[in-house]
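Shown next, in structure tokens, is the structure this report addresses.
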Amino acid sequence: MDLKLYNTLSRSKETFVPIKKNKASIYSCGPTVYNYAHIGNLRTYVFMDVLRRILQYCGYEVTSVMNITDVGHLLSDRDTGDDKMVKAAKEQNKTPEEIAQYYTSIFFKDIERLNILCPQFTPKATEHIAEMIEVVKALLDKGFAYETADGIYFDISKFPNYGKLSRANLEEQLAGARVNVNTGKRHPADFALWKKAEPNHIMQWQSPWGMGYPGWHIECTAMSNKYLGDVFDIHTGGIDHVPIHHENEIAQAESWLGKKAVNYWMHSEFMLVNGGKMSKHLKNTYTVDDLIEKGYSPMEFRYLCLNVQYRQKLNFTWESMESAKMAYQRLATHLYEHKQSAAKTDKKVLDGFLKEFDEAISDDLNVPMAMGVLWKMIKLPASKDVYETALVMDKVFALDFDKVQAAPQATQDAPQEIIDLANLRKQARKDKNWAESDRLRDEIASKGYRIKDTADGFELEKS
RNA sequence: GGCACCAUAGCCAAGCGGUAAGGCAGAGGUCUGCAAAGCCUUUACGCCCCAGUUCAAAUCUGGGUGGUGCCUCCA
């Protein structure tokens with residue numbers, strides 16, 4: 001199967017050609033663990049996951065790496081301001097290690113709930129300081145970097161291709177940029193590889209340039225190289241990383257290695273809320289727990305993400321979240337019916353759907369279209385074969401199709417009080433006492449449950 | 001101000017040269033004591049506007065208009 005992927009570098013879809021036959025290596029920019037991951041962040045990891053699953057579906061043996069940034073991410077890319085970890089630690093009166101540990105564990109819990117396969121390697125920046133120092137030393141030796149009073153900087157004038165990923169015109173971009181006299185940088189876009197620490201800085205390590213801490217970009221180069229080698233297949237991240245972080249990564253990695261390090265750069269678009277930007281100020285940076293609190297499951301959110309192609313902005317609204325919830329639940333109901341059926345379906349028909357599915361996902365991860373194929377397929381008469389085929393598709397969707405169960409689960413979980421009322425109503429209906437049965441339905445509703453009459457009794461649903 | 005991306009029904013969205021996928025919501029029907037769920041049917045004579053290329057355009061080109069993002073931190 002020909003897999004086409006959109007490469008930000010060429011701004012076009014390219015046929016994926018792996019470095020090693022039947023193998024694929026992916027490096028994904030992971031979280032800076034100074035806060036909870038919001039649903040916008042998570043969308044990017046769902047994308048990372050879908051990419052990995054599609055590669056696996058296509059038969060590739062995937063090695064994936066995602067960094068955990070627990071030092072070095074400055075508040076400003078102009079190389080000024082505090083380190084994010086240090087700032088969060090100060091604000092919460094904890095050590096950076098405590099901050100990192102806390103948010104890292106929450107992050108892993110979140111991605112697990114969203115069925116995002118954990119990458120095989122999730123290296124922490126603080127555990128790879130030595131590797132980073134080696135890269136910085138090499139860049140200094142080769143003349144791509146220089147030392148100033150406050151750190152080591154990459155000299156972008158030594159890298160003529162600087163800007164090739166974002167296609168930004170440096171001169172125009174920086175025309176209005178403020179010049180920071182303190183850093184002693186030769187060019188405003190030169191970026192920090194290493195920062196010298198003030199004596200009281202709470203995160204610092206010994207280096208050839210005294211005590212200090214790494215710049216943000218260097219970790220990705222050092223760690224991707226350690227775990228994936230000089231050249232690897234795919235580098236993913238949020239689209240916001242194109243202009244600075246990934247541009248810098250390319251500059252330092254290619255200068256250091258003397259060759260191209262990454263073949264395919266893939267970036268996922270942002271999530272919007274009500275058509276606008278997510279921001280803490282607008283209080284719309286929801287977390288998975290926020291969704292759960294509002295009655296939406298992680299799988300329903302994953303379904304929502306799968307409904308939009310990764311290079312399109314995803315407009316999150318509560319209406320669309322509700323829509324995803326309804327759709328996902330119905331999907332599960334349908335699948336359960338298929339699962340229970342012993343009937344057969346012509347294999348040719350199923351193979352036809354599977355072919356459509358393959359074409360969709362191999363066209364730059366067109367998961368929304370693949371989802372459309374699934375919906376068409378489940379409209380077939382109930383059959384176990386349809387269910388089995390859906391399970392094949394679920395290798396990519398990862399929507400827990402293997403766990404679908406009968407809808408009335410809530411009936412068994414309902415408190416005894418509700419069950420008793422429901423039984424009273426059952427009797428009233430038997431007696432054709434409609435006034436009483438309607439009254440009991442209202443009472444059950446007022447206690448948070450919806451009752452449905454069935455042939456042999458009732459079903460309860462939490463409302 | 002500079003740059004980029006986008007504009008498809010009430011909402012979320014596929015399609016990217018051959019005559020509008022899918023989901024949600026809505027409407028009608030069926031079922032039900034009445035409901036709910038399910039099921040069936042239905043919902044854009046048109047894809048922001050105006051020109052142009054073409055036998056053929058939502059899809060290509062040019063010009064508008066509008067939105068979002070980046071150039072400060074962001075997935």
Side-chain angles (χ1 to χ4, degrees), chain A residues 11 28-32 35 37-48 73-78 80-81 84 87 166-178 189 216 236-245 267-272 274-280 285 303-304 306-331 333-334 337 356 360 363 366-379 407-408 428-429 432-435 437-438 441-442 445 450-455 458-461 463:
Chain A
R11 301 287 155 95
S28 300
C29 275
T32 300
N35 208 335
H38 62 242
I39 55 176
N41 298 320
L42 264 6
R43 187 220 179 170
T44 299
Y45 301 114
V46 170
F47 151 67
M48 165 190 90
H73 199 160
L74 296 173
L75 287 171
S76 161
D77 279 336
R78 295 264 172 256
T80 58
K84 285 186 175 183
K87 180 165 180 280
S166 60
R167 304 190 177 182
N169 183 322
L170 261 192
E171 302 313 313
E172 282 178 13
Q173 295 269 307
L174 297 168
R178 284 172 300 149
W216 174 38
T236 75
I239 196 162
D240 54 307
H241 282 156
V242 173
I244 293 170
H245 183 49
H267 297 94
S268 63
E269 251 295 356
F270 266 31
M271 175 179 274
L272 266 34
N274 294 324
K277 190 180 169 159
M278 293 182 73
S279 76
K280 295 214 174 76
T285 52
Y303 179 90
L304 177 70
L306 264 31
N307 224 4
V308 183
Q309 210 265 353
Y310 76 94
R311 282 194 292 124
Q312 299 298 323
K313 293 180 181 74
L314 190 167
N315 188 15
F316 179 92
T317 62
W318 287 111
E319 196 179 353
S320 68
M321 187 62 244
E322 179 67 20
S323 161
K325 174 183 178 167
M326 295 310 295
Y328 180 69
Q329 290 183 355
R330 275 179 202 164
L331 198 53
T333 304
H334 279 115
E337 282 167 16
E356 271 188 73
D363 180 18
N366 194 337
V367 181
M369 182 180 254
M371 194 64 78
V373 175
L374 173 70
W375 275 100
K376 275 189 274 179
M377 184 179 77
I378 63 167
K379 296 287 168 62
R429 291 187 65 235
K432 297 200 188 299
N433 184 352
W434 310 128
S437 86
D438 287 352
R441 177 164 57 205
D442 289 345
R450 247 195 323 270
I451 188 161
K452 287 194 265 183
D453 299 327
T454 60
F458 56 83
E459 279 177 14
L460 288 164
E461 245 177 36
S463 57

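A note on names: the letters A, B, ... follow the listed sequences, proteins ahead of strands, and every chain is numbered from 1.
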Look at A:H334 and B:rC39 and indicate whether a side-chain polar atom (N or O) is within less than 4.0 Å of OP1 or OP2.
-> yes
Starting from P on B:rA36, measure out to CG on A:D438 and report it in whole angstrom.
-> 12 Å
Taking every non-hydrogen atom, the tightest pair across A:A370 and A:A360 = N-CB, 3.7 Å
Those residues at least two apart in sequence (or on a different chain) that pass salt bridge (Lys or Arg N to Asp or Glu O under 4.0 Å) with A:E356 are A:K376
If we take the C1' atom in both B:rG17 and B:rC70, what is their distance in whole Å?
-> 32 Å
Taking atom P in both B:rU65 and B:rC50, what distance in whole Å separates the two?
-> 15 Å
Taking CD1 from A:I239 and P from B:rC70, how many angstroms apart are they, rounded to a whole number?
-> 11 Å
To the nearest 0.5 Å, atom SG of A:C29 lies from atom CE of A:M48 at 11.0 Å
Please evaluate the base of B:rG33 for a donor-acceptor partner in the side chain of A:S437 within a cut-off of under 3.5 Å?
-> yes
Where A:G30 and A:Y45 come nearest, the two heavy atoms and their spacing | C-OH, 3.2 Å
When you compare B:rA51 with B:rG69, how far apart are their P atoms, in angstrom units rounded to a whole number?
-> 32 Å
Given the P atoms of B:rU43 and B:rG23, what is the spacing between them in whole Å?
-> 14 Å
Could you encode protein contacts along nucleotides 12-24 of chain B as a string, one character per nucleotide from 5' to 3', using B for base contact, S for sugar-phosphate-only contact and - for no contact, with a heavy-atom cut-off of under 4.0 Å?
-> SSSS-----BBBS
For A:K277, enumerate each residue passing the side chain to side chain donor-acceptor pair (under 3.5 Å) test, keeping only those at least two apart in sequence or located in another chain.
-> none
A:N35 atom CG is separated from B:rA75 atom C1', nearest whole Å, by 13 Å
Which salt bridge (charged side-chain N to carboxylate O under 4.0 Å, His left out) pairs, counting each pair once, include a residue from residues 316-329 of chain A, with sequence neighbours left out?
-> none
Intra- and interstrand pairs of RNA chain B - dot-bracket, Watson-Crick/G-U under 3.5 Å, | marks other strand | (((((((..(((.....[...))).(((((.......))))).....(((((..]....))))))))))))....
Mind checking the P distance from B:rC48 to B:rC16? Whole angstroms is fine.
-> 16 Å
For B:rG52 and B:rU8, measure between their C1' atoms and round to the nearest Å.
-> 22 Å
Set of side chain to side chain donor-acceptor pair (under 3.5 Å) partners for A:N366, sequence neighbours left out | none
Expressed in whole Å, how much space separates the P atoms belonging to B:rG26 and B:rG10?
-> 15 Å
Please identify each residue that fulfils salt bridge (Lys or Arg N to Asp or Glu O under 4.0 Å) with A:D363, with sequence neighbours left out.
-> A:K13
Planes under 30° and centres closer than 5.5 Å, is that true for A:F270 with the base of B:rG69?
-> no
Go through the structure and list residues passing side chain to side chain contact (heavy atoms under 4.5 Å, CB included) with A:N315, not counting sequence neighbours.
-> A:L272, A:T317
Would you indicate what A:M321 reaches in the nucleic acid, counting non-hydrogen atoms under 4.0 angstrom: base, sugar-phosphate, or nothing?
-> nothing
To the nearest angstrom, the CZ-C1' distance between A:R311 and B:rA75 comes to 17 Å
What nucleic acid atoms does A:H38 come within less than 4.0 Å of, heavy atoms only: base, sugar-phosphate, or nothing?
-> base
Contacts of A:W375 meeting side chain to side chain donor-acceptor pair (under 3.5 Å) (sequence neighbours excluded), chain-then-number -> A:Y303
Testing B:rC73, B:rG33, B:rC34 for proximity to the side chain of A:K84, the answer is B:rC73
How many angstroms lie between atom CG of A:L331 and atom CE of A:M371, to the nearest 0.5 angstrom?
-> 7.0 Å
Side-chain donor or acceptor of A:R441 under 3.5 Å from a matching atom on the base of B:rA36?
-> no
For A:T32, answer base if it contacts any base atom (sugar-phosphate contacts may also be present), sugar-phosphate if it contacts only those atoms, and nothing otherwise; contact means non-hydrogen atoms under 4.0 Å.
-> nothing
Excluding sequence neighbours, so at least two apart, what forms side chain to side chain donor-acceptor pair (under 3.5 Å) with A:R311?
-> A:D364
In whole Å, what is the span from the CE atom of A:M278 to the C1' atom of B:rC74?
-> 10 Å
Grab the NZ-C1' distance between A:K87 and B:rC74 for me, whole Å please.
-> 13 Å
So which protein N/O to nucleotides 28-32 of chain B N/O distances come out below 3.5 Å?
none

Roughly, in whole Å, what's the span from CD1 in A:I451 to P in B:rA35?
-> 16 Å
Who passes side chain to side chain contact (heavy atoms under 4.5 Å, CB included) against A:R43, sequence neighbours left out?
-> A:E269, A:M271, A:C305, A:V308, A:L314
On RNA chain B, more 5' by nearest nucleotide between A:E269 and A:E337 is A:E337
Starting at atom NZ of A:K432, determine the distance to atom P of B:rC34, rounded to an integer number of angstrom.
-> 11 Å
Expressed in whole Å, how much space separates the P atoms belonging to B:rG66 and B:rA20?
-> 31 Å
